[in-house]
Amino acid sequence: MADKSSSAGAAGSWLPETLLVHGGTLRSAFGETSEAMFLTQSFVYDTAEQAEARFKDEDPGFIYSRFSNPTVAMFEERMRLLEGAEAARATATGMAAVTSALLSFLKAGDHIVAARAMFGSCLYVAQELCPRFGIQCTLVDGRDTAAWRQAVRPNTRAFFFETPANPTLDLVDIAAVSEIAHAAGALVIVDNVFATPLLQKPLKLGADIVVYSATKHIDGQGRCLGGVVLCSEKFLKDHLHTFLRQTGPALSPFNAWVMLKGLETLPLRVRAQCETAAKIADHLAGQKGIARVLFCGRPDYPQAALAGRQMTGSGTLVTFEVEGGKAAAFRFLNALKLIRISNNLGDAKSLITHPATTTHQRLKPEARAELGISDGMLRLSVGLEASGDLVADIDRALSASRIG
Ligand SMILES: Cc1ncc(COP(=O)(O)O)c(C=O)c1O
C-alpha cells in the first residue's frame, strides 16, 4: 500500500505554495520523488476475500480506474487541500465536472437559476440540456443580486454561475447570492475557472460546490483536458460518488499526473500572468482605436469594488473592444505575430479569441448584445511571455486594425 505520510497531518498548516508541491502525495514502496503515474485500468487482489471486502467498501484499496486511481487520487487530494473542501473528485474535462455537479443531484421537476453570462457549453447544459430532462432553468443577469431573489421558485434546487464570467468578466456577488440560495434551500455551484483556485475561494464566501476546468490554469501549459468538483462529504456520499462511478467521466491517470505537475507551478504562473495582464490592460486603455477595456484589476472596471472584496488578484484575462466591429477585430487578430488565435485560456502562451464568432457564436446576435459581447470584442488570455514583447505585438495589431 502507498505511503501517504508526506501529506498527512502537516498539510493542514501549509501555505498554498507548499501544498501545491507536496499535498496529497501517495508515495509507493519505491520511494519515488516525483508522483508516480499509475497507468492501470484495474487492480489485483491477494485473495477472493480481499476482492469482496473492496467491493463492500470494507478495504480501502483501489478496484478499477473508472472509480479511482492512485495518481488521480493524488490530484484530487491536492485540489481538496488547496480549495479547503471536504471532498474532491476529478473528471475528464471541465464540462464533465459542470454536468456531473448538476445532474448528479437534480431530477425532473426541479428548477435552477443560472447567470446568463457564461461559457457557451455551460449555458447549453443549463439552458438546453437540463430542460430536456424536466429540470427548468431561469437565466438572470448575474450581476444583479435582486434578480437571483426574484427568480427563486418553491422547487429551486441550485444556483449556478461563473465569476468572473466568460468573456465579459461580469462578477456575481458570491456571498450575497449564496445567502439568497440558502434561504430558498438551494445549493450554490460556482465555476471558478477564471479566478483560479488561488484568487477566489467560493466555499469561504458561502458557495457549496466549486467546479474547475483543470484544462486551463491548473495544467497551464496547454497539454491535457481535465476537471474537478469540490464539495461536501455529504454531497459526495449522497449524489456525486455513485453518479461518477456509474456514468464514468473519469480523468485519465496520465492527465492527472500532468495536472499534478501543473499545480506545482500554479502560484508562480498565475502571479506572473496577473502582473503582465495588468500592464497590458493599462497599455490598451490609453490607445486610440480601443473603445473599452475590461480588467478586474483596473479602477475603472464596473464592478471594481466587488472584485476587491471577493478576489485577491486581478485574474489573467483582459477583454477589450476595438473600434470598427468584426472587420477591425479580425484585422487585429490576423496582424498578431506572437499572441496566437485560440479559444483556450490559462496557458503559458498568450491566446486571443473573438468571442462573437467562436465561444459565443451559437448565441443569436440579440443574446450576444444582451451579454455585452460586441463584434469588436476580443478576449486575451495572458501568458508567460515578456510583457514588452506582448505589448509590441498588440501595438502592431492595433495599427493594422485601424487601417481599413
Ligand atoms: C469558464 C469555463 N468553464 C468550463 C469550461 C469547460 O472546460 P473543458 O474544456 O475542460 O471541458 C471552460 C472551457 O473553456 C470555461 O472557460
Identify, with sequence neighbours excluded, every residue that meets side-chain contact (heavy atoms from CB on, under 4.5 Å) alongside Ala147. Val140, Asp144
Listed partners of Ala53 passing side-chain contact (heavy atoms from CB on, under 4.5 Å), at least two apart: Glu58, Asp59
Please tell me if the side chains of Thr168 and Pro355 come closer than 4.5 Å, counting only heavy atoms from C-beta onward. no
Output yes when a side-chain donor or acceptor of [X] lies under 3.5 Å from a complementary backbone atom of [Y], and no otherwise.
X      : Y      : answer
Thr276 : Gln273 : no
Thr71  : Phe38  : yes
Arg80  : Ala85  : yes
Glu162 : Asp191 : no
Asp208 : Val188 : yes
Ser65  : Thr40  : yes
Gln50  : Asp46  : yes
Glu321 : Ser374 : no

Partners meeting side chain to side chain donor-acceptor pair (under 3.5 Å) with [X] (sequence neighbours left out):
X      : answer
His360 : none
Thr47  : none
Asp347 : none

Quick test of your reading of the model: are [X] and [Y] salt-bridged, counting only N-O distances below 4.0 Å?
X      : Y      : value
Glu370 : Arg116 : yes
Glu35  : Lys261 : yes
Glu275 : Arg271 : no
Arg149 : Glu179 : no

Evaluate whether atom CZ of Arg368 has more than 12 neighbouring non-hydrogen atoms of other residues, nucleotides or ligands under 6.0 angstrom away. yes
Ring pair (Phe, Tyr, Trp, His ring centres under 6.0 Å) contacts touching residues 218-248 (sequence neighbours left out): Phe105-Phe235, Phe105-His239, Phe235-His239
Where at least one partner belongs to residues 256-285, residue pairs that pass ring pair (Phe, Tyr, Trp, His ring centres under 6.0 Å), sequence neighbours excluded: none
For a side-chain contact (heavy atoms from CB on, under 4.5 Å) check, start with the C-alpha distance between Leu284 and Val318, then their side-chain angles and the critical distance, and finish with the verdict. CA-CA 10 Å; Leu284 279 167; Val318 183; 4.1 Å; yes
Does [X] have any salt bridge (charged side-chain N to carboxylate O under 4.0 Å, His left out) partners at least two apart in sequence or in another chain, and if so, which?
X      : answer
Arg245 : none
Arg143 : Asp141, Asp170
Arg269 : none

For residues 117-130, tabulate all N or O donor-acceptor pairs below 3.5 Å that involve a side-chain atom, not counting sequence neighbours.
{"unit_1": "Tyr124", "atom_1": "OH", "unit_2": "Arg132", "atom_2": "NH1", "d": "3.4"}
{"unit_1": "Glu128", "atom_1": "OE2", "unit_2": "Arg362", "atom_2": "NH2", "d": "2.8"}

Output, in order, the C-alpha distance, side-chain angles, deciding distance and verdict of side-chain contact (heavy atoms from CB on, under 4.5 Å) for Leu336 and Leu333. CA-CA 6 Å; Leu336 291 166; Leu333 291 176; 4.2 Å; yes
According to the interplanar angle, ranging from 0 to 90°, do the rings of His354 and Phe330 count as parallel (below 30°), tilted (30 to 60°) or perpendicular (above 60°)? perpendicular
Test log, rule side chain to side chain donor-acceptor pair (under 3.5 Å), inputs Thr91 and Ser100: CA-CA 9 Å; Thr91 54; Ser100 304; over 6 Å; no
Think Lys216 forms a cation-pi with Tyr212, using NZ or CZ under 6.0 Å from the six-ring centre and within 45 degrees of its axis? no
For Thr196 and His217, what are the C-alpha separation, side-chain angles and deciding distance, and is it a side chain to side chain donor-acceptor pair (under 3.5 Å)? CA-CA 7 Å; Thr196 82; His217 303 84; 5.9 Å; no
Kindly determine whether Lys201 and Thr312 satisfy side chain to side chain donor-acceptor pair (under 3.5 Å), including the steps that lead there. CA-CA 9 Å; Lys201 300 285 184 194; Thr312 54; over 6 Å; no
Who passes ring-ring contact (aromatic ring centres under 6.0 Å, His included) against Phe159, sequence neighbours left out? Trp148
Check against side chain to side chain donor-acceptor pair (under 3.5 Å), Thr25 and Arg78: CA-CA 8 Å; Thr25 303; Arg78 198 166 285 179; 3.3 Å; yes
Quickly, which of Asn343, Asn344, Thr358 forms a side chain to side chain donor-acceptor pair (under 3.5 Å) with Thr353? Name it, please. Thr358
Checking Phe295 against Asp282 for the side-chain contact (heavy atoms from CB on, under 4.5 Å) test, could you report, in this order, the C-alpha distance in whole Å, the side-chain angles of both residues, the deciding distance, and whether it holds? CA-CA 9 Å; Phe295 180 62; Asp282 289 344; 5.9 Å; no
Checking side-chain contact (heavy atoms from CB on, under 4.5 Å) for the pair Leu317/Val382: CA distance, chi angles, key distance, verdict? CA-CA 6 Å; Leu317 285 116; Val382 177; over 6 Å; no
Test applied, side-chain contact (heavy atoms from CB on, under 4.5 Å); reference residue, Arg157; option that passes from Ile135, Asp110, Val113: Asp110
Show your working on ring pair (Phe, Tyr, Trp, His ring centres under 6.0 Å) between Phe320 and Phe332 and close with a plain yes or no. CA-CA 12 Å; Phe320 57 98; Phe332 184 100; 5.5 Å; yes
